[in-house]
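Since the structure comes first, as structure tokens, the remarks are kept for the end.
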Amino acid sequence: MEELKKNINSDEIIWSSIKIQLKDIYGESEYSNWLKLLTFNKIDKNIIIFYAPTKFMCDWILSHYGKKILSLWRERSKSVKDISIFVYNDKETDKKNKNYKSFENTISNTEKDEFENNLDPRFTFKDFVVGKSNELAFSACRRVADSEDVPFNPLFLYGGVGLGKTHLMHAIAWQKRKLNPRLKIMYLSAEKFMYEFIKALRLKNTVAFKEQFRSVNLLMIDDVQFIIGKESTQEEFFHTFNALADQNRQMVISADKSPSDLEGLEERLRSRLGWGLVADIHPTTYELRLSIIEAKIEKYNIGLPKDVMEFLAHKITTSVRELEGALTRLAAHVTLVGRSVDLEIAEDLLQDLLRASDRRATIDQIQKKVAEHFNVKISDMHSSRRSRTVARPRQIAMFLAKNLTTRSLPEIGRKFGGRDHTTVIHAIKKIKELVKNDSSLSEDIEILTRSLQS
Ligand code: ADP
Ligand code: MG
């Protein structure tokens with residue numbers, strides 16, 4: 001009897017413990033927006049069956065959390081193979097029902113290849129929105145994914161946070177595997193590379209470690225800036241890189257900066273990384289952000305009024321990740337309340353995100369960023385040198401200080417080597433005039449503004 005009771009409840013118990021873990025992983029608010037609405041039903045033929053209130057929620061939860069839930073469940077019970085989520089009111093539905101959506105294709109092989117487990121099924125080329133700022137990186141990734149040979153080695157992708165580097169790398173992996181399931185593809189973060197390497201050192205297992213990497217057809221290492229300053233890992237990475245390059249195996253590397261800007265990276269490694277094609281992803285433009293919003297709301301089948309979309313594209317400029325966060329929140333609201341949001345509700349729901357996006361920069365940060373951008377010394381921001389090469393960036397910094405901070409003109413003047421407020425006024429006027437006809441200057445200012453607000 002005791003035994004029976006335990007059996008009846010054990011799946012429920014597993015689910016309760018997984019819920020606690022999910023809350024930890026995704027945080028309280030994301031958990032209560034989505035996962036809390038999931039009701040466990042039963043395990044049927046090794047498939048975990050859940051219910052959720054709407055079709056949209058089923059799809060969303062499945063695509064965003066399905067893999068995680070399954071892998072957590074498998075840590076506790078190896079026999080489960082898949083997960084399905086049905087809408088509440090058609091509990092009798094079976095596999096043939098249109099609500100049935102399976103992960104089978106993407107995860108049945110997970111045991112075979114631990115590394116594919118790292119790949120996000122949402123990160124495909126199809127779901128990547130292309131615009132001016134990312135078209136070079138996108139085309140380069142497509143080339144690598146679709147070629148049978150090695151078009152450039154390595155492909156080096158770089159750009160700021162949340163602009164799609166990881167998405168593109170996963171997309172290469174999915175596409176390559178589709179074209180040739182037998183290829184050995186390995187994707188991992190540089191951090192994980194280091195972790196595995198150190199583990200191998202400790203277990204005196206480095207031969208196996210080396211072999212594992214050197215037998216792949218495609219190696220992708222994400223966020224390589226992470227190993228800067230980690231000498232032995234850098235060294236090992238360098239050898240892995242060379243071994244694969246010698247065998248003409250494709251590599252794709254990402255970082256937050258270009259190889260030449262990755263300070264602290266060993267010189268010989270830096271030069272190797274620049275051997276192939278270096279493709280950068282620029283900050284998003286307004287148009288791209290709008291297209292991304294349109295694509296995402298279409299995919300999840302929620303309506304948003306045009307003015308709300310435009311508002312988001314204007315306000316949430318830091319990264320696509322933030323934009324997704326905002327949309328998720330609006331989508332949750334739409335789904336739960338059952339009607340669309342208007343501008344006022346959107347502003348209300350997104351208060352904290354908008355505030356973060358509006359965050360004020362300090363004059364010191366502005367001077368530092370501008371100096372970096374134009375390759376002048378920070379001290380030139382305070383100096384009395386008047387040559388154009390330093391005077392112009394200084395004027396731009398003053399202009400930005402006026403626009404992005406709440407400092408008064410005299411305060412700004414003081415921060416720029418004790419200049420008079422009339423000098424500041426002059427600088428602002430000058431820059432306003434110049435941007436009218438100088439599109440590269442206005443672009444510089446846009447980039448600086450955005451990066452100072454992130
Ligand atoms: P990075 O690795 O550069 O920090 P990610 O690849 O993790 O950025 O992207 C952050 C999020 O934004 C992901 O969910 C990704 O799908 C999404 N994203 C980024 N760029 C695009 C794009 N052009 N189209 C659609 N989604 C995008
Ligand atoms: Mg990334």
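Just so you know, ligand 1 is whichever comes first in the structure, and atom 1 is the first atom listed for that ligand. We're numbering straight along the sequence, starting at 1. Side chains are part of it too, since the values below use all heavy atoms of this structure and drop only hydrogens, waters and symmetry mates.
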CG on L452 to NE2 on H373, rounded to 0.5 Å: 10.5 Å
Value rounded to 0.5 Å, distance of CD1 in I345 from CG in L343: 10.0 Å
With the threshold set at under 4.0 angstrom, would you say [X] reaches ligand 1 through any of its heavy atoms?
X	value
G162	yes
K296	yes
G160	yes

R392 charged N/C atom sitting above F374 aromatic ring, 6.0 Å / 45°: no
Do [X] and [Y] make the cut of ring centroids closer than 6.0 angstrom?
X	Y	value
F128	F123	no
F197	F209	yes
F152	W275	no

What atoms of ligand 1 come closer than 4.0 angstrom to any heavy atom of [X]?
X	answer
N134	23 (N)
H167	6 (O), 15 (C), 16 (O)
V161	4 (O)

Considering only protein heavy atoms, which is closest to [atom], and at what distance to one decimal place?
atom	result
atom 21 (C) of ligand 1	F128 CE1, 3.7 Å
atom 23 (N) of ligand 1	V129 O, 2.8 Å
atom 14 (O) of ligand 1	E324 OE1, 2.6 Å
atom 18 (N) of ligand 1	V320 CG1, 3.2 Å
atom 8 (O) of ligand 1	G164 N, 3.1 Å
atom 2 (O) of ligand 1	T166 OG1, 2.7 Å
atom 7 (O) of ligand 1	R321 NH2, 2.8 Å

For residues 213-222, which side-chain donor-acceptor pairs fall under 3.5 Å, sequence neighbours excluded?
from	atom 1	to	atom 2	distance (Å)
R214	NH2	E236	OE2	3.3
S215	OG	K184	NZ	3.4
S215	OG	E211	O	3.3
S215	OG	Q212	O	3.3
N217	OD1	K184	N	2.7
D222	OD1	S254	OG	2.4
D222	OD2	T166	OG1	2.6
D222	OD2	Y187	OH	2.5

Within-4.5 Å side-chain heavy-atom neighbours: L157 and C141: yes
Part of I292 within contact of ligand 1 (heavy atoms, under 4.0 Å): side chain
Region of D127 engaging ligand 1 - heavy atom pairs below 4.0 Å: backbone
Check: H239/E235 side-chain N/O donor and acceptor closer than 3.5 Å: yes
Residues, nucleotides or ligands: over 12 heavy atoms within 6.0 Å of E446 CD: no
Partner residues of E30 under the salt bridge (charged side-chain N to carboxylate O under 4.0 Å, His left out) criterion, sequence neighbours left out: none
Which residues share a salt bridge (charged side-chain N to carboxylate O under 4.0 Å, His left out) with R270, sequence neighbours left out: E267
Nitrogen or oxygen of L288 less than 3.5 angstrom from that of ligand 1: no
Shell of protein N/O/S atoms around the Mg ion (ligand 2), taken as anything under 2.8 Å: T166 OG1
N-O pairing of K176 and E148 below 4.0 Å: no
Note: E266-R272 ion pair, threshold 4.0 Å (strictly below): no
